[in-house]
Every structure is written in C-alpha cells, then in structure tokens.
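Lettering follows sequence order; numbering is per chain, from 1.
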Amino acid sequence: MQNLYWKWQFKSAPYWFIAPFVICFIIFVFLPFTYSVYLSFNEWHGQETKTFVGLANYVTLLKSGDFWQSIVNSVLIFVLYVPVMLALALIFAACLSATWMKWTGFFRTVFFIPNITSVVAISFVFLLIFNADQGILNQILMSLGLLDEPIRFLETPWWARVSVAILVIFRWTGYNMILLLGGIQGISKSLYEAAKVDGANGIQSFWHITLPLMRRLLAFCTILSTLGTFSLFTEPFILTGGGPNMATTTPVVLIYNESFKNLNMGYASTISIFFFILMMILSLVQLRLFRERD
Amino acid sequence: MRPKKRVFSTLLSMVLLASIALTGCSGGSGVKKEEAASGGDPGEKTKIVVWIWEDAKNVIDLNMPAFKEKYPNIDVDLHVLAQADVYQNFLIAASSSDKVPDIVNLESHRLSQMIETGGLLDISDKVAPYKEKMNAYKWADAMKDGKAYAMPWDSGPVVMFYRNDLFKQAGLPYEPKDVAEQLKTWEDYKRFAKQLKEKTGVAIMADSKTKTDGTIFQQMLWQHDMWFFGKDGSVQVDNPEFIKIGQYFVDMMNAGYANEVQPWSDAWYSSFQQNKQATIVGASWYDGLLPSLIDPNGAGKWSVAPMPKWSEDDKYSSAIDGGSNLAINKNSKHPEEAWKFIEFMLGNDASQLKMMEGGLFPSLETTYQDPVFQEKVPYFNDQPVRTLYVDAVKNATPITYTKDYPLANELIRNAFAEIFLDKKSVEEVFKKTADQLRQKTGRK
C-alpha cells in the first residue's frame, strides 16, 4: 500500500511541478488562442452578438494589400538591420574575448543594458534624436558638413524604416553579442595557437577559424531575429506610428490597428491566425535548413 | 499515520500551488469585482469609478468639493488613464461584462464606435430634459436608433488664433476687427500666408506633409458642410468638392506656407515659442492650452478671429473639432449614482462654468448667457474671446463623426502621405482611398 502510494507520488511529482506553468499557459495562451481561431470566422466589432461569416475574413485578408504590405515592410526592415547587427555583434564578441582586451565585464554590461532598458523609454529618446529640425542626429550631420538639408527621418518611408532598424540594432546587438560570445569562448584555444604558429595574424584567424565555427550560432541568431522582426511592435508604434503611409506597419502593428482602432476584432483575429501559420512555416523551413547545415 | 500525513501535505501543497497559480495570474480582476459588489448595499456609502484622462480630471476636480457636499454618500474614484487606454480598457471591460467602471469619458469622435459595441447604458430618459439645452450637433453622435447613450460635456467650436505681432510685422491687418473683415475665406488665408512669408519668413500654419493629423483639412471640410460620409451614409472622399479642399491643403503645403512639423510632437510645441507660425485654426480648447502648454510667454501676442470659410455663401461659418461626453457602463451596479454624478457635472450651469475656467467650453447652451462670456481675457490682449466661441458653436455645421471616423481619418492621412511622397494627384489618390473606404466599411 505504502509502496504503491510512493510509486504514484514518484510518477506524478513532475506533473505537479510543471502544473503552475501549464495552468498559466492554458489560461493565458491556449484558451485565448483557441478563442482567436473562433473569432477569425466571425465578424465582431465588440458588440454582444457575433456574426458567423465562415472564411470571409480570410478572403478579405488575402485580397487586402495591407497585410502583404506589412509583410514586405518587415522583410525590408529585416534586410536593413540583421546583417549590420550580426556583424557588429560578432566583432564586439570577438573583441571582448580577445586576450588583449581589458574591462571586459564593464563592456559586456554596457552593450547589454539597452536590451533590458524599457523599450518605451528608448523609443522616446530616439524620437528626439531623429527629429528632423531639432534632432541631435541631423544637427551633428549638418555641422559636420555631410548634409545641407536635414533628413526627415520619421517622415519619409525609407528613412522611417532605417530609423526603426537603427533602434532595433541599438536594442538587440548586445543580446546577440552575448550569444555569440558564448560560442566564441567555446572554440578551443589550441586552434588559434596552431594558427599563430603557422604565421596567421588576428584578422586571418578570425576569418578562417572564428567565422566558420560560428556559422551554426549565426544561423540561430538569424532565426531569432526573423521571428523578432515580424512581431516588432513597440519600436515602430512609438517611433513612427506605423507611418508614413504604412511604411513601417508590421503585422503586429496592423493587428493592433484593426482591433483597437477600427474594432474589427474578427478580422484582426484572422490576421493573427494567418500570421501565426506563416511564422510557423517560416520557422520550420529555417529549422530544416539549420539541420542540414549541421 | 504516516501515509495520511503525506496525503495531507500533498493536498496542501497542491492547493497552495493552485492558489499561487490562480491568484498570481488573475488576482487583479478578482479584487476589482469584489470591491464593486460590496458597495451596493442601501444606506451605505456607494463608490463609483470613473475612467477619465488627465486634463478632464483636472477640471472635474474643480467641482468635486461641491459634489461631495451635495452627495456625501457617493464616493467618486476618478481613475486616470491615458486617453487611448480608456477606450481599450473599456472595450475589454464591456466585452467581459465587467461592472467597473461605472462611468467612462469618451471623445465625440470615438463615441459612435463605442456605442456600437453595446457596452453603454441607454440613458434616453435621463438626458431627455437636456435635449434642448445642449448643442444640437452633440446628440448626433450620442444616439443610436433613437436612443441616447451619452451626455455631452464640452464642445470644440473652431476659430482662428493668430499672432497679432507677426501680422503687424508683415504689414497685415492685426486688430481682431480688421482681421475678421479682411480674412474671410481660405483664399484670403492664402493671400495672408504669402505676405507673411515674403515679409517675415514666418509660416502661417504648422502641419506635416506625411504625418499630418488631418485636423486642418477636416475643419475645412466640416465648415463647408462636407464630411467623409454624406447624409445618406455614402462615402464622399471622391466627391469633387472634397477633392478641391484636399487640393487646397496640398497647395498650401507645397507653397511652403506651413512650418513642416508633426502636430503634437515636441518640435511642434517648441515651434510656437520660436515664432515659426502665425496662426492656429483650431478649436476653442486651445484657449486653455495656449497659456499653459503651448506658449506660456505669449500673453498679449495672441488674438482670435473667426475661422476662414471655404466660400462666402456657405451657410455655416464654423466647424467643430473634438469635445467629449460621459457615458454609463451598461453593467454598472450603480447607474443611479453614476447619473447623479454626470448630471451634477454636466447638467448644471455652475459646474459647467467652473470647468470652462479650466479651458473646456460647455456644450450646455444655458450657460452662454452668463456674464463670464463677455469678460475680457488678459492673455488675449483683453479681447472678449469667448463671445467668438459662442458665435462659432452656434454657426457650426451639424455633422456626425460616425463609427467609421477613426478608419476614415487613418486612410486620409495615408492618402496625403502618398500624394506628397509619390507626387501623385489628389484626385487619383482620393479616388483610390474612397474605394478602400467603401470596401472596408461596406458603405456605398
């Protein structure tokens, strides 16, 4: 009897330990998600009755230029920032793990701070920096004689995307740097020593040892950044409000606008479900590529 | 004995875990509901919760001592939220049948949209005595199918605030009387803009090509008795008159008559103190904003004249921008107390006049007889400016924002951005916008 009970306890214990997470997950993720799926088949503007419309919302979505525009915007922002960010992160990581580097702890903290600072606060600061007439960035560029006229950063589509990209680089370089730092430190020192014996300099060993061995980790960072870019919200929302003329409207900003501004809850749910499916396919494809490279 | 103890302790830890999981995550709303329920017993003090934004709370506060004196048994919790949060949180509250808040503050331009959600209480009987006393246009957005869902608070009749010193420098008429006589139409406005720019280099207005908030354009529409939607509900964005007004705005911007700055941005605020533009064609609530937030050192420099008209034969001479309302949550446990609060604040002259001191122009017309409206205002060079607001509100076109206004506004702002960025014609872009609007709203 006692033995049986002990066995039951032994077997069930893990479930009790994961219960808090599972309960929270069901309440806050799974149920809302299921409800969204249900909503996506309805027309609902917040009133008591919902009208079942079948796949009509999905048809609207596929026909609507807005959604595809938001996907294109995300891709453009991705192209603008990911290469720069990963290059910077890798260079910083390589520098921080170099033997001649001092104050490494200090720099690691400095680079990571933007990532844990409130994104709202950072966005507001960048809003001031990017201001066309009084922003410090234009002032500096103009006093250096690089510009004759101020760049209207937040008011033209391309510069608005660049501004969002710069903000994202600022926030996420440190995070990626820490990930890459872990990878670099995992590379055996003996490889570098061997290279040195063979007469390779620092840059050569970075190019021929560090970079190839970091490929897996770089691919991992790219996957994380892909998902991150498509679900960007706070940065464009505060910095540009999704404008001008929807140039920085990401899918999540679009979902926000449709649901809370236009009260098209059903249609907004449709966008999020469709977006979810798209992201899932993208992740699967990326994981597959990642595995093959392995 | 021992197994029993184990069972007990396992059970205990289960309960603890569950309670941590549940309270940790959903504690917020549970507490709120209890609070609301416990206040309902008769004879006891009742607590009503009002969701409101900062500026609105500040003027309500002016009346709170008098309210407490009259209704000692009603406790009012003025819960301040950011304006956008009031709508979002109320949507969530309404769709989950939450009893909190009892009262919610709603701007006119989002009122129809909120009524549409069905979360507001039908207060037709309660507002009936005020039907005649309020600005007639305010009811249009507060009604649906003949029933009233909100009580009007303040109105935003549009006038033209202008810098008399800059006008004088440019050799333009600068006395309010002369300005009113010589600047009657938007064509005159353009003429003034030209002279201002040539003589002083100052722009006449401030707006952004690609990030306009659409206010100036919409005020022009409104005064001309045009709107995104016609009286029959059809989309008017491709109406030739509508396009003409859009063209005027585009011409003003392209001619460089506007200081290019995004409305309500930090740069916009500071541009007034840097003398970058000479007029604000805007609602009466600038009366409160100018001396406090926009140009605190500008006393004596600002004067007020009626807003320019599209055409001299226009039936109406003014427009409306903004204004808000108070409404009761359909699921409120204390609708009677909530109504007492609303009636006290918005339905009587004394409270409304007090709130006007805080910069909100009352929708309650019975107040307009009060001598305070004739008073000279020191900030405006001792001009009795409030008489102009009264004239403006009486001559403003009665237009309904409608529930699709937020969407229409968004689309038209994008349309202007497209016109300026891609150098497209107003007609072409507005026609495209009209089609989008039709497709998204199902209107004709």
### Task
Apply side chain to side chain donor-acceptor pair (under 3.5 Å) to B/Thr402 and B/Asp404, showing your working.
CA-CA 6 Å; B/Thr402 80; B/Asp404 294 323; 5.2 Å; no
### Summary
When the 4.5 angstrom heavy-atom criterion is applied to A/Tyr256 and chain B, the contacting part is side chain
### Query
Can you say whether B/Leu407 sits under 4.5 Å from chain A via the side chain, the backbone, both, or neither, judging by heavy atoms?
both
### Query
Given a strict heavy-atom distance threshold of 4.5 Å, which part of B/Ser271 is in contact with chain A: side chain, backbone, both, or neither?
neither
### Query
Taking C-beta and beyond as the side chain, do A/Thr229 and A/Tyr81 meet within less than 4.5 Å on heavy atoms?
yes
### Task
Against chain B, label A/Leu128 side chain, backbone, both or neither, depending on which of its atoms sit under 4.5 Å from a heavy atom there.
side chain
### Interface residue of largest heavy-atom contact number with chain B, from A/Ala247, A/Ser259, A/Pro157, A/Gly135, under 4.5 Å
A/Pro157
### Message
Set out, in order, the CA-CA distance, both residues' side-chain angles and the distance that settles side-chain contact (heavy atoms from CB on, under 4.5 Å) for A/Phe230 and A/Leu278, then state yes or no.
### Response
CA-CA 10 Å; A/Phe230 282 101; A/Leu278 220 64; over 6 Å; no
### Task
Sort B/Lys440 into side chain, backbone, both or neither according to what part of it lies under 4.5 angstrom from a heavy atom of chain A.
side chain
### Message
More than 12 heavy atoms of other residues, nucleotides or ligands under 6.0 Å from CD1 of A/Ile136: yes or no?
### Response
no
### Closest contact, heavy atoms only, A/Leu232 versus A/Thr250
O-OG1, 2.6 Å
### Message
How long is the straight-line distance from CG of A/Asn57 back to CD1 of A/Ile273, given to the nearest 0.5 Å?
### Response
11.0 Å
#### Entry: Aromatic plane relationship, B/Trp268 with B/Trp264 - under 30° parallel, 30 to 60° tilted, over 60° perpendicular
tilted
### Task
Return the minimal non-hydrogen interatomic distance between A/Ser123 and A/Leu239, and the atom names on each side.
O-CD1, 3.7 Å
### Task
Counting only heavy atoms closer than 4.5 Å, note whether A/Asn131 contacts chain B via side chain, backbone, both or neither.
side chain
### Query
What's the shortest heavy-atom distance between B/Tyr149 and B/Leu121, and which atoms?
CD2-O, 3.5 Å
### Task
Please test B/Asn254 against B/Lys209 for side-chain contact (heavy atoms from CB on, under 4.5 Å), starting from the C-alpha separation and ending with a verdict.
CA-CA 9 Å; B/Asn254 282 339; B/Lys209 283 180 176 171; 3.9 Å; yes
### Interatomic spacing from CZ in B/Arg413 to CG in A/Asn245 - rounded to 0.5 Å
11.5 Å
### Query
Considering heavy atoms only, which positions within residues 36-45 of chain A lie below 4.5 Å of chain B?
A/Trp44, A/His45
### Task
Indicate yes or no: does B/Asp435 engage B/Lys432 in a salt bridge with an N to O separation below 4.0 Å.
no
### Query
For the candidates A/Glu258, A/Lys261, A/Met246, which exhibits the highest count of non-hydrogen atom pairs separated by less than 4.5 Å from chain B?
A/Lys261
### Task
Take B/Ser112 and B/Asp141, measure what side chain to side chain donor-acceptor pair (under 3.5 Å) needs, and give me the verdict at the end.
CA-CA 5 Å; B/Ser112 317; B/Asp141 278 303; 2.8 Å; yes
### Any residue of residues 59-69 of chain A which, by heavy atoms, sits under 4.5 Å from chain B
A/Thr60, A/Asp66
### Message
Using a 4.5 Å heavy-atom cutoff, which residues in residues 415-428 of chain B come close to chain A?
### Response
B/Ala417, B/Glu418, B/Leu421
### Task
Kindly check if the number of other-residue, nucleotide or ligand heavy atoms within 6.0 Å of CZ (A/Phe52) is above 12?
yes
### Query
Checking B/Ala94 against chain A: side chain, backbone, both or neither under 4.5 Å from a heavy atom?
neither
### Under 4.5 Å from a heavy atom of chain A, the part of B/Glu410 involved
side chain
### Query
So do B/Trp51 and B/Asp85 actually touch side chain to side chain, heavy atoms under 4.5 Å?
no
## Note on the structure
In terms of heavy-atom contacts, A/Pro236 and A/Val253 come closest through CG-CG2, 4.1 Å
### Query
Which word best sums up how the rings of B/Tyr87 and B/Trp53 line up, parallel for under 30°, tilted for 30 to 60°, or perpendicular for over 60°?
tilted
### Query
Hey, are B/Gln218 and B/Tyr405 close enough side-chain-wise for a donor-acceptor pair under 3.5 Å?
yes
### Task
Determine the minimum heavy-atom distance between A/Leu80 and A/Ala165, stating which atoms define it.
CB-CB, 3.9 Å
### Beyond-backbone contact of B/Asn329 with B/Lys99, side-chain heavy atoms, under 4.5 angstrom
no
### Message
Can you give me the closest heavy-atom contact between B/Ile294 and B/Gln273, atom names plus distance?
### Response
O-NE2, 3.1 Å
### Residue-level interface, residues 141-153 of chain A with chain B, non-hydrogen cut-off under 4.5 Å
A/Arg152
